[in-house]
Amino acid sequence: MYMSAGGGISLPFYRHQSGVFSPRSASPPHIRASPPAPQAPPYSAKMADLDNKEQEMDPADMEDVEEVEEEETGDDENSKARQLTVQMMQNPEILAALQERLDGLVGSPSGYMESLPKVVKRRVHALKNLQVKCAHIEAKFYEEVHELERKYAALYQPLFDKRSDIVKAVYEPTDEECEWKAAEEEELTEEMKEKAKVKEEKKDEEKEDPKGIPEFWLTVFKNVDLLSDMLQEHDEPILKHLQDIKVKFSDPGQPMSFSLDFHFEPNDFFSNTLLTKTYKMRSEPDETEPFSFDGPEIMGCTGCVIDWTKGKNVTLKTIKKKQKHKGRGTVRTVTKTVPNDSFFNFFTPPEVPESGELDEDSEAVLAADFEIGHFIRERIVPRAVLYFTGEAIEDDDDDYDEEGEEADDEEGEEEADEENDPDYDPKV
C-alpha cells in the first residue's frame, strides 16, 4: 500500500471470498541470490600438473605457463567474490537496502533511450501510447470487478444476516444446523463421545444459559494483531455491545466506494446504534503519470460523529497540570482535555486536502487506516467465525511457515553447493 501520483493510496489486492481477484499484493518482490557458477577444477591440482611438465618446456612455453597461472589466480579471486556475494545476499539487512535502492531506480531514465536513433525512439513512443491504452482497459477491468463484488455481496448478505441473528440471540439454530464434525472427533469411540456429551451437559447445567454468542466481535478483534493493536482496555466494555459489521458498496453508476457499518446495541457509552466509515476509491490512470496505475486507489475516507454520553468519551482524557506563577511563586492546578488512544479514533480519520498533499505523519496514519479498512472488508467480515475460533489466524501462520520453509530449503541448497565447492573456505 503506497501513495500514488494522484494522491491516493494503492490497495494491496487479495483474493476475494467469492473467488474473484481483488487488488493485488503490494509486497515487494523477493530478491533471490543467483546460484554460484560452476567452479573450476582445484587450482592446486593444476599447479602440480604444471610442475611435472616443467622440465619438458622451453622458455617460450614458460611464458604460457605464467599466463595460465595469472588466469587461474584471477579465477580464484572470482570464486571468492562469488562466495562473498552469496553470503551478502543471505543478509536480510543488505537485501532490504538493495530492494530500497532498486525501488528508487524504478522510472529513472537509464540513458539508453537517449542513445537510440530517432526513428527507434518514435516507435517506442508508439508502444508507450499502447501501454496507456492498456492502463485504461485495466481500469475498466477493476470497475467490473467492483460490480461483480457488489453482485455477490447481495448473495452473501442473507447468510451474514443469519450469522448476526445467531450472535445476537435473535435466532436459535436447529440441531441440524448445529451439526459439525470436528477433525479431533473422528477418532473418538462412541463410548468416549457419550462421556464427553454428559460432561458438557453438566457444565451447561452449572452455568447460566448465555444468549447468542457473547463478545463475538470483541473476540474477533482481539484475535487479530492488526486490530488488537488498536484496542485499549477502556474500549473493550464498549465493543462488547458491537453486534455486527456490514460492508456496503456504492450504488451502480455512483463513484466507486465502500462503507463499513458497525451496528451496536443500546449502551451507556453513546446514543448511536450505527457508526459508519466510508472509503472513496478511484480506478483510473492518473493523466500525468498513467504508468503508475496499479489498480484501484483509496482516495480518502470519512467517519462519523459519535454522540458520547457525558463523561464516557474514551477518545479524550483529562489531565491535571501544576503551573507556578513566575512573579508571585504561587502554584495552581490546571485541568486540560487531551486526545486519548482508542479504537474509536478510527471514526475520525485525518482529512485529505483537495491538493492531495499530505505530511509524512498524516500519510502514515491514512495508509494504516486504509489498510485496516480494507482488511476488515476483505477478511474480517467474510470470515468472522474463523477469526473468532482462531482457525483463520492459523491459516495465515501456515502461509508464513511455508514461505519460511521454502527459504530454509533454498539456504540448504546453497550450503550444499558451498560444501561441494573445492575452493570453499568456511572461515571466510
Q: Between CD1 of I166 and CD of E177, what distance do you get to the nearest 0.5 Å?
A: 6.5 Å
Q: Using the side chain to side chain contact (heavy atoms under 4.5 Å, CB included) definition, which of the options D369, I372, T302 pairs with K277?
A: D369
Q: Measure the OH-CG distance between Y156 and L159 for me, rounded to the nearest 0.5 Å.
A: 9.0 Å
Q: What about the rings of F344 and W308, do their centers lie closer together than 6.0 Å?
A: yes
Q: Atom CD of residue position E233 - does it have more than 12 heavy atoms of other residues, nucleotides or ligands inside 6.0 Å?
A: no
Q: Quick check: does any side chain N or O of N340 sit under 3.5 Å from a backbone N or O of V314, one acting as donor and the other as acceptor?
A: yes
Q: For residues T389 and E391, is any side-chain donor paired with an opposing acceptor at under 3.5 Å?
A: yes
Q: Kindly give the heavy-atom pair with the smallest separation between P349 and G303, and that separation in Å.
A: CD-N, 3.9 Å
Q: Answer yes or no: is there a side-chain heavy-atom contact under 4.5 Å between H374 and R379?
A: no
Q: Just how far is it from atom CG of D261 to atom NZ of K248, taken to the nearest 0.5 Å?
A: 5.0 Å
Q: Determine yes or no for a side-chain-to-main-chain donor-acceptor pair under 3.5 angstrom, with T309 supplying the side chain and F269 the backbone.
A: yes
Q: Name the residue from R150, E143, E144 that meets the side chain to side chain contact (heavy atoms under 4.5 Å, CB included) definition with H146.
A: R150
Q: When the ring planes of F343 and F221 are compared, do they come out parallel, tilted or perpendicular, using 30° and 60° as the limits?
A: perpendicular
Q: Shortest non-hydrogen contact from H234 to S342?
A: NE2-CB, 4.1 Å
Q: Between CG of L148 and CZ of F141, what distance do you get to the nearest 0.5 Å?
A: 9.5 Å
Q: Check the orientation of F249 and F258. Use parallel for under 30°, tilted for 30 to 60°, and perpendicular for over 60°.
A: tilted
Q: When the ring planes of F346 and F262 are compared, do they come out parallel, tilted or perpendicular, using 30° and 60° as the limits?
A: perpendicular
Q: So how far is it from F347 CZ to L260 CG, rounded to the nearest 0.5 Å?
A: 8.0 Å
Q: List the steps, then state whether side-chain hydrogen bond (donor to acceptor under 3.5 Å, both in side chains) holds for T315 with N313.
A: CA-CA 6 Å; T315 64; N313 187 348; 2.5 Å; yes
Q: Output the distance between atom NE2 (H136) and atom CD (E284), rounded to the nearest 0.5 Å.
A: 8.5 Å
Q: May I ask you to check whether H263 and Q243 show a side-chain donor-acceptor distance below 3.5 Å?
A: no
